[in-house]
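Working notes, structure below.
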Protein chains: 2
Amino acid sequence: MAELTLRERKRRRTRQAIVEAAVGLFEEHGYEGTTVADIAEAAEIGTRTFFSYFASKEELLFPESDSRLAAALDAIAARGPEDRPADVLLRALRDVNRDSDEMVSRMAALRMRLVRSVPAVRGRGLQLQFDAQREIARHLCAAYPDELDEVGAAALVGAFVGAVTGALDVLLETAGDDPAAVSRRLQEATAAVLRPWLRE
Amino acid sequence: MAELTLRERKRRRTRQAIVEAAVGLFEEHGYEGTTVADIAEAAEIGTRTFFSYFASKEELLFPESDSRLAAALDAIAARGPEDRPADVLLRALRDVNRDSDEMVSRMAALRMRLVRSVPAVRGRGLQLQFDAQREIARHLCAAYPDELDEVGAAALVGAFVGAVTGALDVLLETAGDDPAAVSRRLQEATAAVLRPWLRE
DNA sequence: TGCAAATCTGCACTGAGTGCGGTTATCGTC
DNA sequence: GACGATAACCGCACTCAGTGCAGATTTGCA
């Protein structure tokens, strides 16, 4: 079943070791207080080798951004015949957030903290999000060729994602760290803002 | 009237020289093909001095982001008694875009091209936009204390800015470089997406 | 004129990231 | 099990962005 060659298994183990070393060091000394050389040493690899696993120091923090995008695309693909584009999008965003109930993980919590505190990490995060948005818009446009053109789809997706991102930003600033409460208030706030679209 | 000390005049002149040198070099060799040392040499200053004018190479490209934010805040401050939050925001976004009819300038055109082609520049641009968004939301919330809480305001602003940004991204990809046409189609697309808010 | 403050700049440094080349480990095959 | 191909590892020397410092120069102001 696990048809993994030794090479691949080893590579995964090393990759995991790098991530764990990095998470530990980031928690201890902060992102900017940790050099790639530190991480490499802790993971027992050469500094040069680090860059054959991750293209940059930031990349380390965004390994599964693809899986969140995939979840959103799945939600579009699995749309029902009654669904309007806005319904599909809202479900997609919920699915993505549900997936991130793995938010309990150390990695995800750390990433969220760093996105909010380290400019370089925030820039990278926003960039990835923006790229994902574009991809989602493309698929949504393809799913509703009669109702949306490319520009309209991009605007719609941008509006939804922007609302969620903006609300989440403020929520994390004010609310405590209780993930359930944050999730609930996020649902409330976005539902309130997006209501004009959903009833009609 | 121009009560500028010699020091300040000189400093402005140098700053302008840096910008012009950089724009020329970026157009000729691309952003990543131009080093800070190249820019400094072309502007006839020491490399070290560059960093006393701009904190980083990217900063060079976003000098007046403050003025666009100010335009948006002005629009909020100048709201009429009949205006709903969404109306104010729409006008704010229009004002910001109108200001950027200085888009004819070399600098702005170059920036737009680089934002779309150079990851580091895009990251920085998105980050500045996000920060501006937060500031706008704060003011909007203060202007409508009965209707918006902080989270709701952030969600609303995020939705509007996200719609415009998403639409503009696709537009610039597909449409030609005619600024008037882009501007018109942008208005159409965002108006279509945001319609649910504006009639009610 | 003269003193204080701001500015300019070279120098030495750190840290991210790349290209190259040699070494070692793994793979598939015989 | 041996063997050639391939992939991974990793040191070295390099480029570039950015910082701290300290000395020289210029400007502001009394």
Side-chain angles (χ1 to χ4, degrees), chain A residues 2-19 21-22 25-26 28-63 114 117-125 127-128, chain B residues 2-19 21-23 25-26 28-63 114 118-125 127-128:
Chain A
E3 283 301 343
L4 287 177
T5 147
L6 172 58
R7 251 185 205 155
E8 283 180 71
R9 267 179 290 143
K10 224 172 170 177
R11 206 169 160 78
R12 271 174 209 225
R13 220 181 314 136
T14 303
R15 189 186 171 92
Q16 195 52 34
I18 295 174
V19 169
L25 288 171
F26 288 163
E28 191 174 355
H29 302 118
Y31 180 80
E32 290 169 309
T34 304
T35 70
V36 172
D38 294 337
I39 300 170
E41 191 185 357
E44 295 181 305
I45 58 173
T47 303
R48 190 65 185 79
T49 304
F50 174 91
F51 290 103
S52 84
Y53 282 87
F54 299 96
S56 72
K57 197 177 162 189
E58 286 118 30
E59 215 61 34
L60 196 58
L61 291 168
F62 301 96
L114 294 182
S117 61
V118 182
V121 178
R122 172 160 56 229
R124 181 75 186 135
Q127 200 184 317
L128 287 170
Chain B
E3 284 299 341
L4 287 178
T5 147
L6 171 59
R7 249 185 205 154
E8 284 180 70
R9 267 180 291 143
K10 223 172 170 178
R11 207 169 160 78
R12 273 177 206 223
R13 219 182 314 137
T14 302
R15 189 186 171 93
Q16 195 52 34
I18 295 174
V19 170
V23 169
L25 288 171
F26 288 163
E28 191 174 355
H29 302 118
Y31 180 81
E32 290 170 308
T34 304
T35 71
V36 172
D38 293 338
I39 299 170
E41 192 185 356
E44 294 181 308
I45 58 173
T47 303
R48 190 65 183 79
T49 305
F50 174 92
F51 291 102
S52 85
Y53 282 87
F54 298 97
S56 70
K57 197 178 162 189
E58 286 119 31
E59 214 61 35
L60 194 60
L61 291 169
F62 301 97
L114 293 183
V118 182
V121 178
R122 173 161 55 227
R124 182 75 187 133
Q127 200 184 318
L128 287 170

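The sequence lines fix the lettering, A, B, ..., with proteins before strands; numbering per chain opens at 1. Keep in mind that this is a model prediction, so the values were computed, not measured. The figures here come from the full heavy-atom set of this structure, side chains too, leaving out hydrogens, waters and symmetry mates.
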Between [X] and [N], does any side-chain N or O lie under 4.0 Å from OP1 or OP2?
X: A:Lys10; N: C:dA25; value: no
X: B:Ser56; N: D:dA17; value: no
X: B:Ser52; N: C:dC8; value: yes

Give the rounded distance in Å between these two atoms: [atom1] of [X] and [atom2] of [N].
X: A:Leu6; N: D:dA7; atom1: CG; atom2: C1'; result: 12 Å
X: B:Ile39; N: D:dC16; atom1: CD1; atom2: C1'; result: 12 Å
X: A:Glu59; N: C:dA16; atom1: CD; atom2: P; result: 15 Å
X: B:Glu32; N: D:dA17; atom1: CD; atom2: P; result: 10 Å

_Donor/acceptor link under 3.5 angstrom from B:Arg48 side chain onto base of D:dG20_ =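 Such a pair exists between side chain and base.
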
*Does A:Arg11 get its side chain close enough to the base of D:dA7, under 3.5 Å, for a donor-acceptor pair?*
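Per atom types, no contact qualifies.
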
*Where do A:Asp38 and A:Gly33 come nearest, in terms of heavy atoms and distance?*
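Result for this residue pair: OD2-O, 4.1 Å.
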
*So, for B:Tyr53 and B:Arg15, which heavy atoms are closest and what is the spacing to 0.1 Å?*
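Shortest heavy-atom contact: O-NH1, 3.6 Å.
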
*Want to settle it: does B:Tyr53 or A:Ala55 sit nearer the 5' end of DNA chain C, counting the closest nucleotide to each?*
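This one resolves to B:Tyr53.
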
*With a 4.5 Å limit on heavy-atom distance, are the side chains of A:Val121 and A:Arg124 in contact?*
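A side-chain contact under 4.5 Å is absent here.
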
*For A:Tyr31, is the NZ or CZ atom of A:Lys57 found under 6.0 angstrom from the centre of its six-membered ring and inside 45 degrees of the ring axis?*
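Judged by the rule, A:Lys57 and A:Tyr31 form a cation-pi pair.
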
_Sugar-phosphate, base or nothing in reach of B:Phe54, heavy atoms under 4.0 Å_ =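 It contacts nothing in the nucleic acid.
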
Compare the minimum distances between each of [options] and the side chain of [X], then state the nucleotide with the smallest one.
X: B:Phe51; options: C:dA6, D:dA17, C:dT9; result: D:dA17
X: A:Thr49; options: D:dT26, D:dC9, D:dT6; result: D:dC9
X: A:Thr35; options: C:dT9, D:dG18, C:dA16; result: C:dA16

